[in-house]
Amino acid sequence: MRLHEYQAKQVFADAGIPTPEGRVAGTPEEAREIAEEIGGEVAVKAQVHVGGRGKAGGIKLASTPDEAYTVADEILGMEIKGKLTEEVLVEEAVDIDDELYVGVTLDRGEGEAVAMVSSRGGVNIEEVAEEYPEAIAKEHVDPAYDLLGYQNRRVVYGAGVDREVARDVSGVLDTLYTLWSGSDADDAEINPLVVTGDGDVVAADAVFNIDDSALYRQPELAEMEEEAFDDPFEAKASDKGFDYVRLSGDVGIIGNGAGLVMTTLDLVDHYGGSPANFLDIGGGAKADRVRDALSLVFEDDNVEAVVFNIFGGITRCDEVAEGINEALEEFDELPKPLVVRLTGTNEEEGRKLLTSKVEVEQSLEGAVQRTVELAGGDS
Ligand code: GDP
Ligand code: MN
């Protein structure tokens, strides 16, 4: 689960990290009210899960409440890298003297956290890593010892952070690490951590991603889940317990098992199509789950045709076929063409049961090629 900036800032602020005062707004009127409360210059920031919002026009400064209204009106409804902006964070503008990067992330290869600091904050950290690798200092953290004092100082000084703010930056890094390890997080990042004209440090941006599999033991964070999504389809899918990612193409893809769905995605691409989503209904999928999955994908206006790829193991093909039939009962005519590939346990029975509303293909290649064709080929 990826929290919105305003949610991550709330968590960071509660833990003692300095953040600008601010609140989230869904309308220009609300943005004006918040700006009035704060007084003085405010930053109005699109709450969408994409990097580089600033460059894309999703962050604007406003010096009066009326101006906050105007820029909020511009940013709300704006599409940034394919994501619709439905909310803006209105917060006290920060007086930027310098921008640092502070982050804790998981090194999956090493199975350990990495604490990182860079004196080149405010820009994409991956680009910094490529162009100026020496500007990023890193320390791996042994989970048995947590982030030790000397390691913390080593990254802060190693990154060339000014002595005057080094102690404050160390404090922020310590808190960030504690939050990371205590919240089952994947990433906790502040970019930029701003050094103000007065020499204070303030988190001007915040990223906090939590491992979905651990949400059951993070009840306070799990409560933020509903608002954390910025795609209604992803919210609905999570509610149904599906593994779902919305993509930008027009070929809907459903399958049972992550590997099978990935393979289908690759094949759609191979045959010149463009995937609209990744949807794994999981193993042992019963009729009602099949129905929910189909409804979800049919509802997506981007989808032109759907391929349903089932490998029957524990999931019996006849059961899946019943699910598909049941899901399609409500339609006299299918909203979008559906190509089904059923193979494995009880495949014969399954194929015989299937309603004539769907096209059945024996091979995966055949099913994908046919679906791409139905979607109108290259999109
Ligand atoms: P991102 O581009 O999506 O990562 O959004 P950030 O929140 O990191 O903001 C990008 C850049 O906008 C920052 O590095 C700052 O230079 C600038 N910015 C953001 N908030 C403020 C603010 O309150 N005041 C000023 N002057 N600049 C800001
Ligand atoms: Mn940022």
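Every number for a ligand or one of its atoms is a count from 1 in the order of the listing. Not measured: the values here are computed from a predicted model. Computed from heavy atoms alone, side chains included, the values below leave out hydrogens, waters and symmetry copies.
- Panel note: side chain Asn277, backbone Ile253; a donor-acceptor pair is recorded below 3.5 Å.
- Distances between N or O atoms of Arg53 and those of ligand 1 include at least one value under 3.5 Å.
- Note: an N/O pair closer than 3.5 Å links Asn191 and ligand 1 by distance alone.
- Atoms CG and CD, on Leu364 and Gln362 in that order, are 12.0 Å from each other to the nearest 0.5 Å.
- The aromatic rings of His49 and His4 sit parallel to each other, their planes meeting at less than 30°, with 60° as the upper class boundary.
- Atom 15 (C) of ligand 1 is approached by the protein to below 4.0 angstrom, counting heavy atoms only.
- Of all the heavy atoms of Ala204, the ones lying under 4.0 Å from any atom of ligand 1 belong exclusively to the backbone.
- Atoms CD1 and CG, from Ile281 and Leu296 in turn, are 12.0 Å apart once rounded to the nearest 0.5 Å.
- If you number the atoms of ligand 1 from 1 as listed, the ones under 4.0 Å from a heavy atom of Ile96 come out as 15 (C), 16 (O), 25 (C), 26 (N), 27 (N), 28 (C).
- With respect to atom 13 (C) of ligand 1, the closest heavy atom belonging to the protein is Glu99 OE2, 3.3 Å.
- Contacts between Leu61 and ligand 1 below 4.0 angstrom, taking non-hydrogen atoms only, involve the side chain exclusively.
- With respect to the Mn ion (ligand 2), Asp205 has OD2 as its nearest N, O or S atom.
- Note that Arg120 lies in the cation-pi zone of Tyr132, set by a 6.0 Å cut-off to the ring centre and a 45° limit from the axis.
- With hydrogens and angles disregarded, a donor-acceptor distance shorter than 3.5 Å links the side chain of Gln47 to the backbone of Tyr6.
- Residue contacts with ligand 1 for Lys45 involve side-chain atoms from C-beta outward but no N, CA, C or O (heavy atoms, distance under 4.0 Å).
- The backbone N or O of Val303 sits less than 3.5 Å from a side-chain atom of Lys336, completing a donor-acceptor pair.
- Of all the heavy atoms of Ile59, the ones lying under 4.0 Å from any atom of ligand 1 belong exclusively to the side chain.
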Could you go through Gln10 and Asp14, starting from their C-alpha distance and side-chain angles, then the distance that decides it, and tell me whether this counts as side chain to side chain donor-acceptor pair (under 3.5 Å)? CA-CA 6 Å; Gln10 188 61 56; Asp14 289 347; 3.1 Å; yes

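- The nearest non-hydrogen atom to atom 23 (O) of ligand 1, considering only Val207, Ile190, Val202, Val94, comes from Val94.
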